[in-house]
Engineer: 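Pasting a structure below so you can have a look.
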Number of protein chains: 2
Amino acid sequence: MSKAATTRLTILQKAFYLIYRKGYQATSIDDIIATTQVTKGAFFYHFKSKEEMGLAMIHEIMYPGMYASMIKPLLDADDPLNEIYEMMKALLLKNPFFEVKYGCPAINLIDEMAPLNEAFRKALMQLIVQWQEAIKNTLLIAQKKGKINKELMPEQIALFVSSGYSGIRNMGKIFGKTCYKTYLNELKKYLLQQ
Amino acid sequence: MSKAATTRLTILQKAFYLIYRKGYQATSIDDIIATTQVTKGAFFYHFKSKEEMGLAMIHEIMYPGMYASMIKPLLDADDPLNEIYEMMKALLLKNPFFEVKYGCPAINLIDEMAPLNEAFRKALMQLIVQWQEAIKNTLLIAQKKGKINKELMPEQIALFVSSGYSGIRNMGKIFGKTCYKTYLNELKKYLLQQ
DNA sequence: GACATTACGTACTAGTTAGTATGTTTTGCA
DNA sequence: TGCAAAACATACTAACTAGTACGTAATGTC
């Protein structure tokens, strides 16, 4: 990777780290460059504005991260309903990047920026749509295998499951990790009822 | 109400209106006073800091609002499971204050401030705990009436339902009102399965 | 109706913000 | 090796931020 590409990536990774903890608006460009070797000149050479950097961060950092931890575990599922549960369990309890008190970077950014910035809203919507599609496809497989009733609506369940994830990330911020476990218990019950 | 008390309430109501739409940190004190007749001197006479005002807003504006729309509908429930569903439906589709793109004020504030400020976190936790207690009690009634299995765990279900609400408020910000209806369909299915 | 307390109003400050102007250095390539 | 373009570095600006200093007006009480 060229030196310039490294600089760009460093900015995006540091921005992601800080925005996850402090929020997008509360993270200043000075914050981002203060803890890296990058200067303001470099920042504005690579991104013409803070917004452009934010959108690049969604596409170049968050999309790949989401694919690895939220979609890949669902592909080629032997036991579809269980794969959904295990994906959620790994996401909530095993992922070393996430910290309970800071929630989920994608959910946080939706909450803060979707109402304020249409470009952010669209980029983040695509992120969630891809996840929901993956869950839906897994459920379609479950239907084919006869693991769930053919009359159930995979898309509706995918929304229920993904929004459930969003919600428990929010609850985790006030209650801590224990509520993750309670949630997972009820999620398992819900999934096995299908 | 005395003139001073009116001033104080005006500040809190305007702050609530703006913070709901822009977030707590992004709403400046200048924003709040610019659209009222209140001056900065009055603001800092009634509140010694922005934080103190924020906490007063939680207690004096958000608590009563939460009680009216999230707890009162659950009291004296004839048909407990249905009351929970109807409360959620009214909250999502009927409440004239809420705007889909801005989500729920309480959930927004948890998302933004719980990780950053312990006093906010505690105040908001109390808010949610009270709601969960109300849901739990309704479920206990449902158990007594034989409407749900006695082996089910009301507290666990209350967490699942309340975090589901939090999550769908987040999804509404990217998908709009249609996802509320899809969510409600699945919630009804979930509740009736109990 | 004097007078103390409450309730403001105005002007300021020190720090922070995104972004810019204007330079210098590094890099790829003929 | 020369040289243009890419990739930075530094110093600035105008607007905004929470909070303060210090003044004035309203209000209740005797």
Side-chain angles (χ1 to χ4, degrees), chain A residues 1-58 60 108-109 112-113 115-120 123, chain B residues 1-58 60 108-109 112-113 115-120 123:
Chain A
M1 187 159 53
S2 76
K3 196 156 173 291
T6 302
T7 301
R8 186 191 158 89
L9 189 61
T10 300
I11 292 170
L12 291 177
Q13 286 174 335
K14 195 74 192 179
F16 179 60
Y17 178 90
L18 290 171
I19 288 169
Y20 174 45
R21 281 161 178 75
K22 309 205 325 171
Y24 172 81
Q25 293 175 100
T27 299
S28 71
I29 296 169
D30 285 343
D31 282 341
I32 296 168
I33 64 178
T35 44
T36 55
Q37 313 291 27
V38 176
T39 61
K40 195 160 271 195
F43 184 97
F44 280 97
Y45 173 78
H46 285 285
F47 309 101
K48 77 167 199 285
S49 66
K50 189 187 177 186
E51 178 184 2
E52 192 182 282
M53 183 280 296
L55 293 169
M57 180 195 75
I58 295 174
E60 295 168 43
N108 293 354
L109 207 50
E112 180 184 2
M113 295 307 294
L116 305 179
N117 185 304
E118 184 62 12
F120 274 72
Chain B
M1 188 160 51
S2 76
K3 196 158 173 286
T6 303
T7 301
R8 185 192 159 89
L9 189 60
T10 300
I11 292 171
L12 291 177
Q13 285 173 337
K14 194 72 189 180
F16 180 59
Y17 178 90
L18 290 171
I19 288 169
Y20 174 45
R21 281 160 179 77
K22 309 203 328 169
Y24 172 81
Q25 293 174 101
T27 299
S28 70
I29 295 168
D30 286 344
D31 282 341
I32 296 168
I33 64 177
T35 45
T36 55
Q37 314 290 30
V38 176
T39 61
K40 194 160 272 193
F43 183 97
F44 280 97
Y45 172 77
H46 285 286
F47 309 101
K48 77 168 201 282
S49 66
K50 189 186 176 187
E51 179 184 2
E52 193 183 281
M53 184 279 298
L55 293 169
M57 180 194 75
I58 295 175
E60 295 168 41
N108 294 354
L109 207 51
E112 180 184 2
M113 295 306 294
L116 304 179
N117 186 304
E118 184 63 11
F120 275 71

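Order of the sequence lines sets the chain letters (A, B, ...), proteins ahead of strands, with each chain counted from 1. Computation of the quantities below employed the complete heavy-atom set of this structure, encompassing side-chain atoms and omitting hydrogens, waters and symmetry-equivalent molecules. Computed from a prediction, not measured in an experiment: that's the story for all the values here.
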Engineer: To the nearest 0.5 angstrom, please state how far the OG atom of Ser49(B) sits from the CG atom of Leu55(B).
Structural biologist: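 Result: 8.0 Å between the selected atoms.
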Engineer: Work out which heavy atom in Ala56(A) is nearest to a heavy atom in Phe47(A); give both atom names and the distance.
Structural biologist: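 Taking Ala56(A) first and Phe47(A) second, the nearest heavy atoms are CB-CE2, 3.9 Å.
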Engineer: Counting only heavy atoms and a strict 4.0 angstrom limit, can you tell me which residues of residues 39-55 of chain B come near DNA chain D?
Structural biologist: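 Heavy-atom contacts with DNA chain D come from Lys40(B), Phe44(B), Ser49(B), Lys50(B).
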Engineer: How about CD on Glu118(B), more than 12 heavy atoms from neighbouring residues, nucleotides or ligands closer than 6.0 Å, or not?
Structural biologist: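 Count over threshold, so yes.
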Engineer: With a 4.5 Å limit on heavy-atom distance, are the side chains of Phe120(A) and Glu112(A) in contact?
Structural biologist: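 Not in contact.
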Engineer: Identify the two heavy atoms, one from Ala26(B) and one from Asp31(B), that lie closest to each other, and give their separation to 0.1 Å.
Structural biologist: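 Answer, listing the atom of Ala26(B) first, then Asp31(B): O-OD2, 3.7 Å.
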Engineer: Evaluate the criterion side chain to side chain contact (heavy atoms under 4.5 Å, CB included) for residue pair Val38(B) and His46(B); output intermediate values, then yes/no.
Structural biologist: CA-CA 11 Å; Val38(B) 176; His46(B) 285 286; over 6 Å; no
Engineer: Are any non-hydrogen side-chain atoms of Tyr45(B) and Arg8(B) less than 4.5 angstrom apart?
Structural biologist: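 Tyr45(B) does not reach Arg8(B) side chain to side chain.
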Engineer: Just to be sure I understand the geometry, which residues of residues 6-30 of chain A put a non-hydrogen atom under 4.0 Å away from DNA chain D?
Structural biologist: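 The stretch gives Thr7(A) as the residues lying under 4.0 Å from the strand, ordered by number.
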Engineer: Just need the stems in DNA chain D: three or more back-to-back Watson-Crick or G-U pairs, each with both distances under 3.5 angstrom, sorted by first number.
Structural biologist: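 Correct response: C:1-30 with D:1-30.
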Engineer: Could you tell me which non-hydrogen atom of Arg21(B) sits nearest to which non-hydrogen atom of Leu116(A), and how far apart they are?
Structural biologist: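 Scanning both residues, the minimum pair turns out to be O-CD2, 3.6 Å.
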Engineer: Is the shortest heavy-atom distance from the side chain of Met53(A) to the side chain of Ile29(A) under 4.5 Å?
Structural biologist: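 Answer no - side chains too far apart.
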Engineer: Enumerate the residue pairs fulfilling salt bridge (Lys or Arg N to Asp or Glu O under 4.0 Å) with a member in residues 36-49 of chain B, sequence neighbours excluded, ordered by first and then second residue.
Structural biologist: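 Those involving residues 36-49 of chain B are Asp30(B)-Lys40(B), Lys48(B)-Glu52(B).
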Engineer: Could you give the side-chain donor-acceptor pairs of residues 11-20 of chain B under 3.5 Å, partners two or more places apart or in another chain?
Structural biologist:
| residue | atom | partner | partner atom | Å |
| --- | --- | --- | --- | --- |
| Tyr20(B) | OH | Glu99(B) | N | 2.8 |
| Tyr20(B) | OH | Glu99(B) | O | 3.2 |
| Tyr20(B) | OH | Gly103(B) | O | 2.6 |

Engineer: What range of DNA chain D does chain A touch, first nucleotide to last, counting atoms under 4.0 Å from its heavy atoms?
Structural biologist: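 The footprint of chain A covers dA6(D) to dT10(D).
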Engineer: Hey, what do you get for CD1 (Ile32(B)) to CZ (Phe43(B)), rounding to the nearest 0.5 Å?
Structural biologist: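 Ile32(B) CD1 to Phe43(B) CZ: 5.0 Å, rounded to 0.5 Å.
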